[in-house]
Structure formats: structure tokens, C-alpha cells
Colleague: 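First the structure, then my questions, so here it is.
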2 protein chains.
Amino acid sequence: MLLSKSCVYGLRASLFLASREQGEFIPIRTMSDKLEISFHFLTKILQQLTAEGILESFKGPNGGVRLTKPGSEVPLMDIVLAIDGSQLLTECALGLPGCGIKNPCPLHDKWAETRDAIREMLEHTTLTELVDKGKAENLRLTTEGGFDILFDD
Amino acid sequence: MLLSKSCVYGLRASLFLASREQGEFIPIRTMSDKLEISFHFLTKILQQLTAEGILESFKGPNGGVRLTKPGSEVPLMDIVLAIDGSQLLTECALGLPGCGIKNPCPLHDKWAETRDAIREMLEHTTLTELVDKGKAENLRLTTEGGFDILFDD
DNA sequence: GGTTATTGAGACTCCTTTGTCTTAAAATAA
DNA sequence: TTATTTTAAGACAAAGGAGTCTCAATAACC
């Protein structure tokens, strides 16, 4: 598995937030319902994103969480790093500690190329880009239904 | 983590086997010692590769395991599929079941490209290719020491 | 002030992966 | 046939990720 489940949930939730009016606080309960993710689990994940400064939260009625920056300025990489760390982008494919240009394993060069492709993708794809695509083509963030169901009330 | 630990161990062991004379049975104990992998754990992993027909085994004195085909005909993909399955190459990056061209998530297209890069790399890299590189440059398959230490007796 | 809606924090359970151990089965050699 | 060397199989334990639950803290509204 490339990304942990926590990370995937974090990405889906971030996309959901980016699809809403910026500045609006969205209750986690709303997101967990719409995205079909366990409320308590999602809460823990979003706490990490809040701690990293990607989200900000507000307690009490009309509270919730929101992005600290416009989704167009948030690459997927930010969320991946906040939740899964840099492991994916630094670790040796053969699991050898300290594998690098200085002291590589036989797979190092080839893997470094592939890894760069992953890095590029995560760095150059923003939340807004995906949200726009999702809205335009009514793509899905949930098991069933399209983007539109996220806006039913 | 891209590949499971079992898969990484399976790759290292397969590279070790490909570095030896073809046809020679190598005891798993020898490999677990040289590669610094738990003997019992490695045994279980190699049993999977044997079950998949990538290795064949022989019990008793002078027994061990060996590749069923020359290492030049074994792409890394074979080992990855045998141990981790096709998950990595088929699964949606956002974890949505049934994500595909028909019913994609917003990340689908971008992820499909990246995934193809991984697939290409695994399909087009053979054990022998890495072994040759490892021998030529004395690269490592273990935490310390180069390729040569695998041949000390 | 009291009630309600919300996030924060931490204990706890459950499941999968990782790793260990024991015993059986097979092959060899004495 | 007996002892030895090896893989095979499966039970078991340890660790980490995934998920649940409870209670505290904060803010709004009545």
C-alpha cells in the first residue's frame, strides 16, 4: 500500500474541505457522514493536520475545521508528509538503512527515478485542481455516488 | 511503505540466489545468515515463492532452494506479485473500491500515470540486471559491507 | 448559569504484519 | 535402521496500524 489509510482519509477530507467555501468551518461529523469514514478516527487524523498547520479548527456550535490556505496552494504532498511522513520518498526500496548515492543498493538508481515520479505527482497536484476536475466531471470521493452528493443537505 | 517487509526480504533473497551458480541449491540458513534476516521468517517467505513456482526446493542434506529460471528471465514484478499481490498496481490512490476508467476518482488519471512508472520499473528490471550491477560496483544487499561479503565462506 | 455543539486527548480494543518456536516430513549418509 | 540435515507447516507472540469509546475543554445560545 502506497499511502496509509489515515493518509487516504486525510486526503479525501482535505478535498472535501477544498470543495467548500473558503473560510467556512465544516464540522467533522458532517465530513465523516458524507465521506463514510468513522467519526472518531477522522477526528484523530484531522487533529494531525491541524497540528501541522494545514487545517485550523474551532470548537463549539458552528465550529469545525477549515483549510488555513486556499486549496490551490495546497499540494497533496503537504497532506502526505503530515500524516505518513517522508518515508515513502526517502526509504530504500530494499529496506537498507542509509541507502543513498554514497552507499547505494543495486536498485537505488532505478527506484530513485520512480520515486521522483511519485514526488512530482504529489508536489504538482493541488487540492483545487482535483476538486475542479471532480466537480466538472462529477467524479466520486465516496464508494458510491458522484461529487454532487457531498453537497446535499 | 511501497513494498511489505516480506516482499523486500523476498527480493533480497532472490537477488542472492540469482548471484549464485544456476542449479545450485542454497540452504535458507545460509541466506538468512548472509542477508541478516530471521531464518524462520525467511523460510516462510521463500515457501510462498516456491508455491508460486519462482523457486524450487529440495529437502535434506545438500538441499535448499534455487530459482526455477535464469535470473535474466525473472523480473522483480514476479516476486512482488507473488508476495504482495497486485494491490499496488490496481488499487485506487484514494482507497475507493472499483475505481477505474469507468468510475474514477479525481486522482485516478494522475495516479494511473505514476503507477505505470512503477509497473514499468518492476517489469523491466530483472534479477540478473541488478546482480550484474551489484557485482560490478560492489553494491550492498545488507546493512553493511558490499556484494562481495555474500561470497565469503 | 445551564444546555448544547463541537474539537482535543487519551485509553482501549481489534486486526494485520512481523517475527519466533516447535514439530513433522523428506532426503542423505553412516 | 538410525542420525543428521534440510524444508514444510502451523501454532504462537510481539508490534504497529486501524478503529472505538469516554471524558474534558471550549464556544455559542437560551
Colleague: Mind calculating the distance between CZ (A:F39) and C1' (D:dT20) to the nearest angstrom?
Modeller: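 Taking CZ of A:F39 and C1' of D:dT20, I get 12 Å after rounding.
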Colleague: Any side-chain N or O of B:S6 under 4.0 Å from OP1/OP2 of C:dT18?
Modeller: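 For C:dT18, OP1 or OP2 has a side-chain N or O of B:S6 closer than 4.0 Å.
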Colleague: Could you encode protein contacts along nucleotides 23-30 of chain D as a string, one character per nucleotide from 5' to 3', using B for base contact, S for sugar-phosphate-only contact and - for no contact, with a heavy-atom cut-off of under 4.0 Å?
Modeller: --BBBSS-
Colleague: Closer than 4.0 Å, any side-chain N/O of B:S57 to the OP1 or OP2 of D:dA8?
Modeller: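 So the side-chain polar atoms of B:S57 do come within 4.0 Å of the phosphate oxygens OP1 or OP2 of D:dA8, strictly under.
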Colleague: Once you round it to whole Å, what is the distance between P of D:dT7 and CZ of B:F41?
Modeller: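 Taking CZ of B:F41 and P of D:dT7, I get 17 Å after rounding.
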Colleague: Between the main-chain N or O of A:N103 and the side-chain N or O of B:R140, is there a donor-acceptor pair closer than 3.5 Å?
Modeller: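 Present.
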Colleague: Compare side-chain N and O positions of B:T43 against OP1 and OP2 of D:dA8 and report whether any pair is under 4.0 Å apart.
Modeller: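 False: B:T43 side-chain N/O out of range (4.0 Å or more) of D:dA8 OP1/OP2.
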Colleague: Look at atom CD of A:E123 and say whether more than 12 heavy atoms of other residues, nucleotides or ligands are closer to it than 6.0 Å.
Modeller: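 Enclosed.
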Colleague: Please check this pair: side chain of B:S86 against backbone of B:L89, looking for a donor-acceptor N/O pair closer than 3.5 Å.
Modeller: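 A pair under 3.5 Å: no.
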Colleague: Rounded to the nearest Å, what distance is computed from the CG atom of residue B:L42 to the C1' atom of nucleotide C:dT20?
Modeller: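 B:L42 atom CG is separated from C:dT20 atom C1' by 14 Å.
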Colleague: Determine whether a donor-acceptor pair (N or O, by modelled atom type, separation under 3.5 Å) exists between the side chain of B:R12 and the backbone of B:L35.
Modeller: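 Indeed, once roles are kept as given, a pair shorter than 3.5 Å links the two residues.
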Colleague: Are B:S38 and C:dT20 close enough that a side-chain N or O sits under 4.0 Å from OP1 or OP2?
Modeller: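 So the side chain of B:S38 is within the cut-off, an N or O lying under 4.0 Å from OP1 or OP2 of C:dT20.
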Colleague: What is the distance, to the nearest angstrom, from the CD1 atom on B:I26 to the P atom on D:dT7?
Modeller: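 Going from B:I26 (CD1) to D:dT7 (P), I get 11 Å.
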Colleague: Looking at A:Y9, I'd like to know whether one of its side-chain N or O atoms comes within less than 4.0 Å of OP1 or OP2 on D:dG19.
Modeller: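 Yes.
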Colleague: Does the D:dG17 base have a donor-acceptor partner in the side chain of A:K5 within less than 3.5 Å?
Modeller: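 Counting by modelled atom types and ignoring angles, no donor-acceptor contact under 3.5 Å is found here.
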Colleague: Please confirm whether the backbone N or O of A:S4 pairs with a side-chain atom of A:D84, one donor and one acceptor, at under 3.5 Å?
Modeller: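 Here the side-chain-to-backbone pair exists.
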Colleague: Rounded to the Å, how far apart are A:Q48 CD and C:dG10 C1'?
Modeller: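 After rounding, the reported distance stands at 14 Å.
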Colleague: Give me the one residue out of A:L3, A:L130, A:L141 that meets side-chain contact (heavy atoms from CB on, under 4.5 Å) with B:L94.
Modeller: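 Of the listed residues A:L3, A:L130, A:L141, the side-chain contact (heavy atoms from CB on, under 4.5 Å) partner of B:L94 is A:L141.
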